[in-house]
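Down below is the structure, laid out as structure tokens.
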Amino acid sequence: MNNKYIVRQPIKDATGLIIGHEILYHGENMAFSNENVSSSSEFAAADTIYSFLMQNSTKALKGTLNFMTFTTMLLMKKTPKLFDKNELVIQIDDSVIIHPLSMHFVKQFAREGYQIAVNEFQFSPRYLELMDDIDYIKINCKTVTDENMHNTVEIAHSMNKKCIVTNIDSEELYQKAASLGADAMQGPYVAAQLTTKAHSSAYIQSNFFRLMVEVTRDEPNVEEIEQMIGMDAGLTFGLLKMVNSAYFALRHRATTIRQAIMTLGLGQLKQWIYLLSASAADSKIDASSEEFLKKSFMRANFCSELMNHAKDMPISKSEAYLMGMFSTLNYLIDAPLEEILSEVPVSDEVKNALLSHEGRCGKLYELVLSYEAANWEKINALVEELGIPSNLITSVYFICMDNVNTLWEQLTNPYADQLPPEEEGEETPV
């Protein structure tokens, strides 16, 4: 099986906020990140990566700091030029440092203003020669002692270099890296961790504005309303909980956003949106709340799109969307996930998938989590079990990422151009 995957793994500072993402490659002749690449396979691998980035980098990887490991061949092909220098950190490893031609390219990119990071850094002569050009030092916590890590961090800081500790897969390693003064951490554990509990009313204020504008039009667009609500886990949860309350006494519970909107009706939906807007008027989206909301939206899109390829699934695409969306609700709402899910009419398959990864839905959810953590072995096993063609999953992942980034930008930008005609030009009361 020819399995090739590309994943973004978050890099977080000591407070848990994301400072950037590493682009991890995996597959036949493609395992560049923190791994050595043989010279015989490098050209074919570099060509594959170059072709992929040509197609995808201008969309999904925009607007974030991307840490990417470059081989000698990728440097010679001037692949970093695909990226804005303010959005890229060029990572190199030992195979690049010892190559007779590579250092010329590294120094050239540094002179042009690109940031440079070194994987598996060592204080040896060939590394020290690079110190003037290095911005980030990456330390693998599994290959160095605590004493060496501490010494490396202290010396690096004295030279104004930032240190990122990698390969963190447990709380113990995370706390150790933080206590030793690491500027940032990375690894499966870091990717899986959300920071602190978000405020329970962490709705996106501009989303309320858009919803209120849409429901007050003479002919509201139900599809637009459905999409806006579907971008926010808190709104989705609140709508489904309310419409399935005793007040409506439904014979059949509403299990999708569309069903909930149709049950509620546009008149009552408008009142509900005003009510939520008023109750959340003082809440603001901080960085940690934004992480929860974006992650739930990404998982929802990824789960839904993978349903186009997974075999013998017992749920619909809309149910898969809710599965991904609700996976972070225990962070958005300060209560156990089991308790939260008991208040909304999700199917038993979705509930069991989220709580215990049971059944084929559990496998799909586990695949999404494994992809986030760049767990290559699990990804391979799960795509085969679900019948998903392995050559499609990276494309699906980046399409979803692009959709999320595009919609998030729309969601968090001002929307004066969407005001109803009668409201345009009105002055805001002082």
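The first residue of the sequence shown is numbered 1, and numbering continues consecutively from there. Both backbone and side-chain heavy atoms feed into the values below; hydrogens, waters and symmetry mates do not. Small disclaimer: the values here were computed from a predicted structure and weren't measured.
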Side-chain contact test, heavy atoms from C-beta onward, threshold under 4.5 Å: evaluate it for F297 versus F302 and give yes or no. no

So, do V404 and N301 sit near enough that their side-chain heavy atoms are less than 4.5 Å apart? yes

Return yes if some donor-acceptor pair links the side-chain N/O of K161 with the main-chain N/O of I134 below 3.5 Å, else return no. yes

Is it true that R299 and E372 make a salt bridge, defined as a side-chain N closer than 4.0 Å to a carboxylate O? yes

Examine the side chains of H157 and D183 and answer whether a donor and an acceptor come within less than 3.5 Å of each other. yes

Would you kindly say whether E223 and Q227 are connected by a side-chain donor-acceptor distance under 3.5 Å? no

Would you call V89 and D135 a side-chain contact if the rule is heavy atoms closer than 4.5 Å? no

Angle class for the F237/F326 ring planes (parallel below 30°, perpendicular above 60°, tilted otherwise)? perpendicular

Tell me yes or no: between the side chains of N66 and E87, is some donor less than 3.5 Å from an acceptor? no

Just checking, is any N or O donor in the side chain of S370 or Y365 under 3.5 Å from an acceptor N or O on the other one? no

Establish, from distance only, whether the side-chain atoms of D93 and T69 form a donor-acceptor pair under 3.5 Å. no

Side-chain heavy-atom pair R360, M313 within 4.5 angstrom cut-off: yes

Under 4.0 Å between a Lys/Arg side-chain N and an Asp/Glu carboxylate O for D169 and K142? yes

Can Q259 and T263 be counted as having a side-chain donor-acceptor contact under 3.5 angstrom? no

Consider only side-chain N and O atoms of T72 and S102, and report whether a donor and an acceptor are under 3.5 Å apart. yes

Y136/F67 under ring pair (Phe, Tyr, Trp, His ring centres under 6.0 Å): CA gap, chis, key distance, verdict: CA-CA 10 Å; Y136 294 91; F67 289 70; 5.0 Å; yes

Using side-chain heavy atoms (C-beta onward) and a distance below 4.5 Å, is N140 in contact with N119? no

Do the side-chain N and O atoms of E172 and S170 include a donor-acceptor pair separated by under 3.5 angstrom? no

Provide the closest heavy-atom pair for E22 versus I11 in the form atom of the first, atom of the second, distance. N-CD1, 4.0 Å

Could you tell me if the side chain of F83 sits less than 4.5 Å from the side chain of I90, heavy atoms only? no

When rounded to the nearest 0.5 angstrom, what distance separates NZ in K85 from NZ in K81? 6.5 Å

